[in-house]
Amino acid sequence: MTSKGRVTIREVAERAGVSMATVSRVLSGNHPVPASTRARVLRAARDLDYVANAHARALVGGGRKMVAVVLRQVTSPFYAQVAEGVEAEAAARGWLCLVGTTGGDPGRELEFVQLMREEGARLVILVGGVVEDDAYRERVAHYAQALASSGARLVLCGRPAPDPDIPALVVEFDNEAGARAITGHLLSAGHRRIVFLGGLPGNTALDARVAGYRAALAEHGLGPGAAHVVDCGLGRAAGHRAMTELLKAGGDPGPGDTATLDTATLDTAIPDAAPARFTAVFAGDDMVAAGALRAIADAGLRVPQDISVVGYNDIPLAEDFNPPLTTVRTPAEELGRAAVRIALRDPEHAAGAHHLLGTHIVVRDSVQPPPPGA
């Protein structure tokens, strides 16, 4: 990309030493061109990082009404629901939706974004919380500027923009408010010893949930020492291992405010588990809660009679857990729909805009007051 912004076909022609008509013929592939000339044009386009303007191609029938959604994984119910929302909104408008997964690999993410740019996708939507470090900030700024230079748009869905001045639209929900509300629900039921299970330091979504958890404790007059955050990451297996170790330790997350549990070689057999020193668990998401519920049952304890458990996201299976899970409903499908709808509704003003969707608590059967004498 040049410092002037979007590279034009004229610049490619000047670099290659041919006419603009020749460049057009080479890039369209619709006319015969000598091999040496074709190679020279393609080299010039590559050197200048030239990508045909998607909107200009659409005017001559060469563009694609295409939305690309890039996810960490599709096995997560939350990511799957966001992708369904993107696809549903795109289909309603007659657009094609492509889904790519990265497994959390920045290299794969970069390759997918570049491919979609070359293929003329109008929107590229990146989904989910991330570790917002310098590498992420540099990467996303490059994505946004590169896509804008080719007439496309970057949408950050459930993750922040590293700089409000980059040409990207942000659509997310209020993680901190949801966490503050669900923690307040536990406090209102009488719980004072509440563990946050599922921290992942640096992850934007989970850090916001931890912040909401801490804020709720403070609002109810509990000091910083009342907060216990277990950094075990996300997923059912992580929740099961961390909860098992926590119960084996007698329910104490360890000294200090935050504990990182070593669960790699954990023996899940729990002899004679005693009642925990904590009375409630706030799981970082519903899959962590699923693992925690299993570990509590394995220990011979009951939810909510012995320990109350809440989750986050309200995945479709949450109401089928045993017991049905009290959780925070995040508008996952609406998040995907809004990402497409807002970006297409006002393309001139969408870039750089920030849209925040709300959350709410879904009360089921996994919370009751602490047991007597707890």
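Values reported hereafter were calculated over all heavy atoms of this structure, with side chains retained and with hydrogens, waters and symmetry mates removed.
In this structure, the side chain of R236 does not engage the main chain of A290 through any donor-acceptor pair within 3.5 Å. Judged by distance alone, the side chain of Y312 and the main-chain N or O of A283 form no donor-acceptor pair under 3.5 Å. A distance-only check finds a donor-acceptor pair linking the side chain of D286 to the backbone of I315 [under 3.5 Å]. A donor-acceptor distance shorter than 3.5 angstrom exists from the side chain of T326 to the backbone of R364, with no hydrogens or angles considered. Checked by atom type and distance alone, the side chain of R337 never pairs as donor or acceptor with a backbone atom of G85 at under 3.5 Å. At distances below 3.5 Å, at least one donor-acceptor pair connects side-chain atoms of Y213 with backbone N or O atoms of H228. Formation of a donor-acceptor pair under 3.5 Å by the S366 side chain with backbone atoms of L325 is not found in this model. The backbone N or O of A16 lies less than 3.5 Å from a partner atom in the side chain of R40, making a donor-acceptor pair. Checking side-chain atoms of H220 against main-chain N and O of A216 turns up a donor-acceptor pair under 3.5 Å.
For the salt bridge (Lys or Arg N to Asp or Glu O under 4.0 Å) condition, the pairs that include at least one residue of residues 317-330, sequence neighbours left out, are D314-R329. For residues 353-363, no residue pair satisfies the salt bridge (Lys or Arg N to Asp or Glu O under 4.0 Å) rule, not counting sequence neighbours. Applying the side-chain hydrogen bond (donor to acceptor under 3.5 Å, both in side chains) rule to pairs touching residues 195-208 yields nothing, sequence neighbours excluded.
If you take CD1 on I166 and NE2 on H142, they are separated by 12.0 Å, rounding to the nearest 0.5 Å.
For the residue pair T101 and R108, the shortest heavy atom distance occurs at O-NH2, 3.1 Å. The nearest pair of heavy atoms linking P323 to P304 is CG-CD, 4.5 Å. Heavy-atom minimum distance, L206 versus G199: CD1-C, 4.4 Å. Closest approach of R15 and D47 over heavy atoms only: NH1-CB, 3.5 Å. For L234 against G198, the heavy-atom pair with the smallest separation is CD2-O, 3.9 Å. Counting all heavy atoms, side chain and backbone alike, F78 lies closest to L335 at CZ-CD2, 4.2 Å.
Contacts of A280 classified as side-chain contact (heavy atoms from CB on, under 4.5 Å), with partners at least two apart in sequence or in another chain: L186, H191, I194, S308. With sequence neighbours left out, E172 forms a salt bridge (Lys or Arg N to Asp or Glu O under 4.0 Å) with no residue at all. Contacts of R192 classified as salt bridge (Lys or Arg N to Asp or Glu O under 4.0 Å), with partners at least two apart in sequence or in another chain: none.
By the 6.0 Å contact criterion, CD on E138 is open, its count of non-hydrogen atoms from other residues, nucleotides or ligands being 12 or less.
The hydrophobic clustering, which links ILVMFWY residues whose side-chain heavy atoms are closer than 4.5 Å, places F321 and V362 apart.
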